[in-house]
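Here's the structure, in structure tokens; my notes come after.
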Amino acid sequence: MNTIEAIQTRRAVKHFDANHTITQDEIDKIFSLAILSPTAFNIQHWRFVLVEDKALREKIKEKAWGQEQVTDASLLLILCADTKAWEKQPQRYWGNAPKEVQEFMLPAIDGYYRGKEQVQRDEAFRSCGIVAQTIMLTAKEMGYDSCPMDGFDFEAVAKLIDLPKDHVISMFITIGKAVKEASPRAGQLPLEELVIKDSFS
Ligand SMILES: Cc1cc2nc3c(=O)[nH]c(=O)nc-3n(C[C@H](O)[C@H](O)[C@H](O)COP(=O)(O)O)c2cc1C
């Protein structure tokens with residue numbers, strides 16, 4: 001499947017085969033591709049919580065309006081980000097770069113994020129949005145379907161997974177074998193409304 005086909009056929013699927021098991025190799029493949037997604041300054045601040053414990057999945061489903069995907073999908077991923085990754089040994093993010101690049105990047109990272117809580121949070125959601133689409137397209141190519149989700153109580157789920165104070169939850173992604181196709185597309189807005197030439201004024 002090429003990228004355009006994956007984009008065209010990815011849909012938010014809500015009904016998965018609860019008996020299908022995703023293999024560790026498949027999970028490794030999804031994440032080894034996910035981490036090739038871009039992040040500003042290469043800070044790679046996504047954190048992928050894979051919920052394997054069935055009892056925990058049930059508890060999470062209760063906090064997600066009982067949505068079946070949460071327990072029926074082969075994989076429940078809680079896509080999180082560390083909003084303070086920029087200050088946690090940032091030299092790791094440029095470890096293979098030439099020395100002069102490292103010397104430029106480290107102060108640049110600090111200057112961009114330090115004291116700017118909103119920027120740190122915005123960046124987390126930007127990065128999670130990009131990696132989410134990478135994961136969903138990869139899943140599609142591998143013969144799986146997925147559903148991005150934010151229909152859940154963020155605070156309650158944060159408690160259930162002991163989310164560190166300096167992390168945020170961006171969304172869930174459920175991945176599995178579809179047992180029911182998505183409904184026909186609800187309709188896309190016209191490009192004339194969405195594409196702005198040069199300026200809004
Ligand atoms: C951030 C986000 C959160 C969503 N949350 C839910 C959800 O909680 N439950 C659900 O069934 N679908 C959820 N969806 C799926 C959307 O309803 C779906 O993507 C949209 O209707 C477009 O359909 P398509 O993805 O099949 O093209 C979510 C999608 C996004 C991007």
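Nothing here was measured: the structure is a model prediction, and the numbers come from that model. Atoms within a ligand are numbered from 1 in the order they appear, just like the ligands themselves.
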**Identified side-chain contact (heavy atoms from CB on, under 4.5 Å) partner of F172 from the options L79, L76, V51** =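 One option only clears the test, and that one is L76.
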
Can you list the ligand 1 atoms lying under 4.0 Å from a non-hydrogen atom of [X]?
{"X": "Q69", "result": "10 (C), 11 (O)"}
{"X": "G151", "result": "8 (O)"}
{"X": "R10", "result": "24 (P), 25 (O), 27 (O)"}
{"X": "R11", "result": "24 (P), 26 (O), 27 (O)"}
{"X": "R185", "result": "27 (O)"}

**Message:** Using heavy-atom distances only, which candidate in G187, A12, A182, P148 approaches atom 14 (N) of ligand 1 most closely?
**Reply:**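 Nearest heavy atom to atom 14 (N) of ligand 1 lies in P148.
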
**Message:** Quick check on K116: does its NZ atom have over 12 non-hydrogen neighbours (other residues, nucleotides or ligands) under 6.0 Å away?
**Reply:**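 Correct, the count exceeds 12.
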
When you compare the side chain of [Y] with that of [X], does any pair of heavy atoms fall below 4.5 Å?
{"X": "V13", "Y": "V179", "answer": "no"}
{"X": "V49", "Y": "L77", "answer": "no"}
{"X": "K29", "Y": "M142", "answer": "yes"}

What residue and heavy atom of the protein are closest to [atom], and at what distance?
{"atom": "atom 5 (N) of ligand 1", "value": "D150 N, 3.0 Å"}
{"atom": "atom 17 (O) of ligand 1", "value": "K14 NZ, 4.1 Å"}
{"atom": "atom 7 (C) of ligand 1", "value": "Q67 OE1, 3.6 Å"}

**Message:** What I want to find out is whether R126 reaches E123 closely enough, with some N-O distance under 4.0 Å, to be called a salt bridge.
**Reply:**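 Judged by the 4.0 Å cut-off on N to carboxylate O distance, R126 and E123 do form a salt bridge.
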
**Request:** Give a yes or no on whether a salt bridge exists between K88 and D82, defined as a side-chain N under 4.0 angstrom from a carboxylate O.
**Result:**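 Looking at D82 together with K88, the answer is yes, because their closest N to O distance falls below 4.0 Å.
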
**Request:** Report the part of A64 (side chain from C-beta onward, or backbone N, CA, C, O) that has a heavy atom under 4.0 Å from ligand 1; answer both or neither where that applies.
**Result:**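 It is neither; nothing of A64 touches ligand 1.
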
**Proximity to ligand 1 by part of M171, non-hydrogen separation under 4.0 Å** =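 Neither; no heavy atom under 4.0 Å.
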
**Message:** I'd like to know if atom 20 (C) of ligand 1 has any protein heavy atom within a distance of less than 4.0 Å.
**Reply:**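 It does not: no protein heavy atom is found less than 4.0 Å away from atom 20 (C) of ligand 1.
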
**Asked** With a 3.5 Å cut-off and no angle check, do the side chains of T83 and H45 form a donor-acceptor pair?
**Response**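 The answer is no; no qualifying pair exists.
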
